[in-house]
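Reading through the C-alpha cells given below for one structure.
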Amino acid sequence: MKIGVLFFGVLKEVIGRSSETVDLPEGARVREVLFHYAREAPRFKAMVPSLAISVNQEYSGADRALCDGDEVGLLPPVSGGSAEGRSGLPGEVKIVHERIDTEAVVGRLKQPSDGAAVIFDGVVRDNTRGRRTLYLDYEAYEAMALKQMDALAVEGRTRFAVRGVSIVHRLGRLEIGETSVLIVVAAAHRGAAFEACRWIIDTLKKTVPIWKKEYFEDGAIWADGEAFPEEIRSPGGTAGEQPASK
C-alpha cells in the first residue's frame with residue numbers, strides 16, 4: 001500500500017525532501033515509517049524521541065495501523081476566516097501570509113459587554129542568543145495547524161469562561177518588528193482574559209505544528225522548538241526498537 005509522508009522544519013534538511021510516497025506492506029503500522037527513515041538517515045533516528053507523529057492531520061501513536069492512501073506527518077518540536085471563527089464561536093482563527101493588522105483583529109472581537117481585551121502580540125526581535133537576526137521564515141503543516149488552533153480557541157473559551165478568542169498566525173518571511181502571532185481574548189473580567197491568553201500562547205508553542213527558521217549574518221538555523229507534551233511526543237515506541245514478529 002502507498003503511504004504519503006510529510007517532513008517539516010529541520011526534517012526536510014535531514015531527509016532531503018519535504019514529502020514523498022513510500023510502499024509498505026498491508027497491515028503496516030506507523031512505526032514502520034520510523035524504521036524506514038531511521039535506516040536511511042542516522043540523524044533522523046537520533047531525533048525520533050523528540051518527534052510527534054500525525055496520521056491524516058491528527059496526532060497519532062506509533063502503533064497505529066495504516067491504510068492505503070494515509071498521510072503521515074513527521075513533526076519536529078514546534079517553534080513554537082471570518083468574523084465568526086471556524087469553530088462558530090466569537091473570534092477568528094487564521095493562518096495568513098500577509099501583515100497582521102492587530103487593531104483590526106481586536107476591533108472585530110471587542111463588544112460593549114467586554115470588560116477586558118487582553119492581547120498577546122508576538123514580534124520578531126533583532127537578536128537571538130547574542131546573534132543579530134536579519135529576518136525569520138515561518139512554515140506550518142497548515143491544515144493540521146488550523147485544526148489545532150481552532151481547538152485551542154474552543155478549549156480556552158470553555159476552560160476560562162471567556163467570551164471570545166482570536167488567534168492569527170503568519171507564515172513566510174517576516175521582517176524585524178513584524179507580528180508573527182496575535183492572540184486576543186475578550187471577557188467580562190481581566191483575570192480570566194489574562195489567564196486564557198497566557199494558556200493559549202504557551203500551549204500553541206508546544207502543540208501547533210508551526211516552525212521558524214532564523215536568518216543571521218553568518219547563516220541560518222531552524223529554531224529549537226519547545227518539547228511536545230509527553231502524551232503526543234513519539235508515542236508508542238522509538239525507531240531503536242525492532243517491530244515485533246507477526
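Shown here for Y215 and A220, the closest heavy-atom pair between the two residues is CD2-CB, 3.5 Å. Taking every heavy atom of both residues into account, R64 and S60 meet most closely at CD-OG, 3.3 Å.
Remark: the E13 side chain and the W222 side chain contain an N/O donor-acceptor pair separated by less than 3.5 Å. Under 3.5 Å, the side chains of E214 and T128 contain a donor-acceptor pair of N or O atoms.
Atoms CD1 and CG, from I3 and L24 in turn, are 5.5 Å apart once rounded to the nearest 0.5 Å.
Surrounding NZ of K110 are at most 12 heavy atoms belonging to other residues, nucleotides or ligands under 6.0 Å away. R131 CZ: more than 12 foreign heavy atoms inside a 6.0 Å radius.
Under a hydrophobic-cluster definition in which Ile, Leu, Val, Met, Phe, Trp and Tyr are linked whenever side-chain heavy atoms come within less than 4.5 Å, directly or via other members, L51 and V22 are assigned to the same cluster. Residue I176 is not grouped with residue V123 when hydrophobic side chains (ILVMFWY) are merged at heavy-atom distances under 4.5 angstrom, including chains of intermediate members.
Here T179 pairs with D121 under the side-chain hydrogen bond (donor to acceptor under 3.5 Å, both in side chains) rule; sequence neighbours left out. Residues that satisfy the side-chain hydrogen bond (donor to acceptor under 3.5 Å, both in side chains) test with E195, not counting sequence neighbours, are absent from this structure.
Classified by interplanar angle (parallel below 30°, tilted 30° to 60°, perpendicular above 60°), the ring pair Y37/F7 is perpendicular. In this pair, F160 and W199 present their aromatic rings tilted. The plane angle is within the 30 to 60° band.
Taking 4.0 Å as the cut-off between side-chain N and carboxylate O, R170 and E98 do not count as a salt-bridged pair. Between K2 and D23 there is a salt bridge, since at least one side-chain N of the basic residue sits less than 4.0 Å from a carboxylate O of the acidic one.
Here the side chain of E155 pairs no donor or acceptor atom with the backbone of L152 at under 3.5 angstrom.
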So L6 and L74, side chain to side chain contact (heavy atoms under 4.5 Å, CB included) or not? Walk me through it.
-> CA-CA 6 Å; L6 305 178; L74 300 177; over 6 Å; no

Step by step, would you call D202 with K206 a salt bridge (Lys or Arg N to Asp or Glu O under 4.0 Å)?
-> CA-CA 7 Å; D202 286 351; K206 294 178 181 177; over 6 Å; no

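Among I100, V96, V93, L204, the single residue meeting the side chain to side chain contact (heavy atoms under 4.5 Å, CB included) criterion with H169 is L204. The one candidate from D70, L66, V55 that meets the side chain to side chain contact (heavy atoms under 4.5 Å, CB included) condition with V33 is L66.
Between F216 and R132 the shortest side-chain heavy-atom distance does not fall below 4.5 Å. In this structure, the side chains of L136 and S180 stay at 4.5 Å or more apart for every pair of heavy atoms.
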